[in-house]
Amino acid sequence: MITVRDLHPWPSTEAEAEAVQRRLRPLVRVEEPAEIRTAAGLDVAYREDSDELVAAVTVLDVATLSVVDSAVVRDRARFPYVPGLFAFREAPPLLTALQRLAVTPDVLVCDGQGVAHPRRFGLACHLGLLTDLPSIGVGKTPMTRFDPPGEHRGDWTPLEVDGEEVGRALRTRTGVKPVFVSVGHRCTLQAACDLVLRLTPKYRLPETTRTADHLGRQST
DNA sequence: GCGACAG
DNA sequence: ATCTTGTCGC
């Protein structure tokens, strides 16, 4: 069962939110994860306005890529969309959904960045830390600089901030735009990229995020 | 200083 | 995120 730690009060202003990120950032741990048999995909879909959102989580058996558990939570956004402060908008319903899972996944595959973030604390770090589960971020758009990787599946180049490697631009399909992988919590960058490649036998995005995305749309 | 900025 | 036609490829 997944429990959510109460590490901070929920901020109501951007300044407070940034302060929370700076305070939690030192708590992120990079370590080799235990064997990964199941992986959760997390995604949020939006309804008509931009006030109601639907958080969807699916848990996949990594060997077969079949869905073994899932949860959907509908909620109202309590924080505006601000680049860099994504977690304060999407994490609340995602955490509620995670708590409703019957199967505890070995890793959370988040739709967005981990430490490849301006303050090194993206959505994946936030979710990993509050649940104390290994987590990684797989974004469709980069927030940090990088050089284009080779054209073949598996090719990658570093995502860097101040010359430091904070993630990788990873080509999951030959000839297709890369995805942007970074550590969220309790994982290594290499393990994160290995997992992403295992989750992308057919498409650019991981099966985990694809199944979560589909589930969220249906519930819209 | 100004603009751009995960979903 | 979401709004959308046709088009290319497996």
Side-chain angles (χ1 to χ4, degrees), chain A residues 11 14-15 17-18 20-22 24-25 28 40-58 72-95 97 108-129 135-146 151-153 158-162 166-170 172-185 189 192 196 200-220:
Chain A
E14 294 184 22
E18 289 184 17
V20 168
Q21 293 182 323
R22 284 189 290 267
L24 297 189
R25 188 174 93 63
V28 166
L42 299 81
D43 189 42
V44 174
Y46 291 79
R47 305 196 64 171
E48 305 178 343
D49 334 340
S50 57
D51 195 328
E52 296 183 26
L53 39 76
V54 182
V57 178
T58 52
V72 176
V73 168
R74 290 189 48 179
D75 197 5
R76 299 208 134 194
R78 301 164 193 179
F79 205 89
Y81 167 66
V82 180
L85 299 178
F86 208 33
F88 299 98
R89 182 176 178 77
E90 298 203 342
L94 285 172
L95 289 167
L108 307 180
V109 179
C110 307
D111 189 9
Q113 319 296 332
V115 299
H117 172 279
R119 283 172 296 282
R120 311 285 190 86
F121 198 79
L123 175 66
C125 300
H126 217 122
L127 293 173
L129 207 58
S135 70
I136 68 172
V138 181
K140 297 183 284 291
T141 309
M143 297 187 90
T144 47
R145 81 153 300 280
F146 70 101
E151 290 299 302
H152 295 86
R153 168 174 158 84
L159 291 177
E160 39 191 58
V161 169
D162 300 328
V166 295
R168 289 178 185 167
L170 176 66
T172 54
R173 306 299 306 164
T174 298
V176 174
K177 176 179 175 177
V179 295
F180 306 91
V181 182
S182 58
V183 169
H185 185 52
L189 182 53
V196 169
T200 51
K202 197 170 170 59
Y203 300 103
R204 175 193 177 221
L205 298 178
E207 285 300 319
T208 38
T209 56
R210 286 172 48 80
T211 54
D213 182 82
H214 293 162
L215 177 59
R217 285 175 196 266
Q218 292 178 180
S219 311
T220 300

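Within every chain, numbering begins at 1; the chains are lettered A, B, ... in the order of the sequence lines, protein sequences first and strands thereafter. Both backbone and side-chain heavy atoms feed into the values below; hydrogens, waters and symmetry mates do not. Just so it is clear, the structure is predicted and the values come from calculations on it, not from any experiment.
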Could you pull out the protein-nucleic contacts involving nucleotides 3-10 of chain C (nitrogen or oxygen on both sides, under 3.5 Å)?
none

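Every residue two or more places apart in sequence or in another chain that forms a salt bridge (Lys or Arg N to Asp or Glu O under 4.0 Å) with A:D111 is listed here: A:K140. Listed by chain and residue number, A:L60, A:V67, A:S70, A:T211, A:A212, A:L215 satisfy the side-chain contact (heavy atoms from CB on, under 4.5 Å) test with A:T58 (two or more places apart in sequence, or in another chain). With sequence neighbours left out, A:Y203 forms a ring pair (Phe, Tyr, Trp, His ring centres under 6.0 Å) with no residue at all. The side-chain contact (heavy atoms from CB on, under 4.5 Å) test applied to A:P92 returns A:W10, not counting sequence neighbours. Listed by chain and residue number, A:D75 satisfy the salt bridge (Lys or Arg N to Asp or Glu O under 4.0 Å) test with A:R78 (two or more places apart in sequence, or in another chain). The side-chain contact (heavy atoms from CB on, under 4.5 Å) search around A:A124 returns A:C110, A:S135, not counting sequence neighbours. Residues satisfying the side-chain contact (heavy atoms from CB on, under 4.5 Å) criterion with A:T209, sequence neighbours excluded, are A:V109, A:L205, A:P206. Scanning for salt bridge (Lys or Arg N to Asp or Glu O under 4.0 Å) contacts around A:R22 gives A:E18, with sequence neighbours left out.
In this structure the side chain of A:V166 never reaches within 4.5 angstrom of the side chain of A:S182, judged on heavy atoms.
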Inset, instruction - Walk me through it: do A:V20 and A:L24 pass the test side chain to side chain contact (heavy atoms under 4.5 Å, CB included)? - result: CA-CA 6 Å; A:V20 168; A:L24 297 189; 3.9 Å; yes
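The nearest pair of heavy atoms linking A:L85 to A:Q21 is CD2-OE1, 3.5 Å.
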Inset, instruction - Starting at the 5' end of nucleotides 2-7 of chain B, put B wherever the base has a protein heavy atom under 4.0 Å, S where only the sugar-phosphate does, and a dash everywhere else. - result: ---SBB
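Rounded to the nearest 0.5 angstrom, A:H214 NE2 and A:E207 CD are separated by 8.5 Å.
Stem analysis of DNA chain C (at least three stacked-register Watson-Crick or G-U pairs, each with both distances under 3.5 Å) gives none. Nowhere does DNA chain B pair in an unbroken run of 3 or more (Watson-Crick or G-U, both distances under 3.5 Å).
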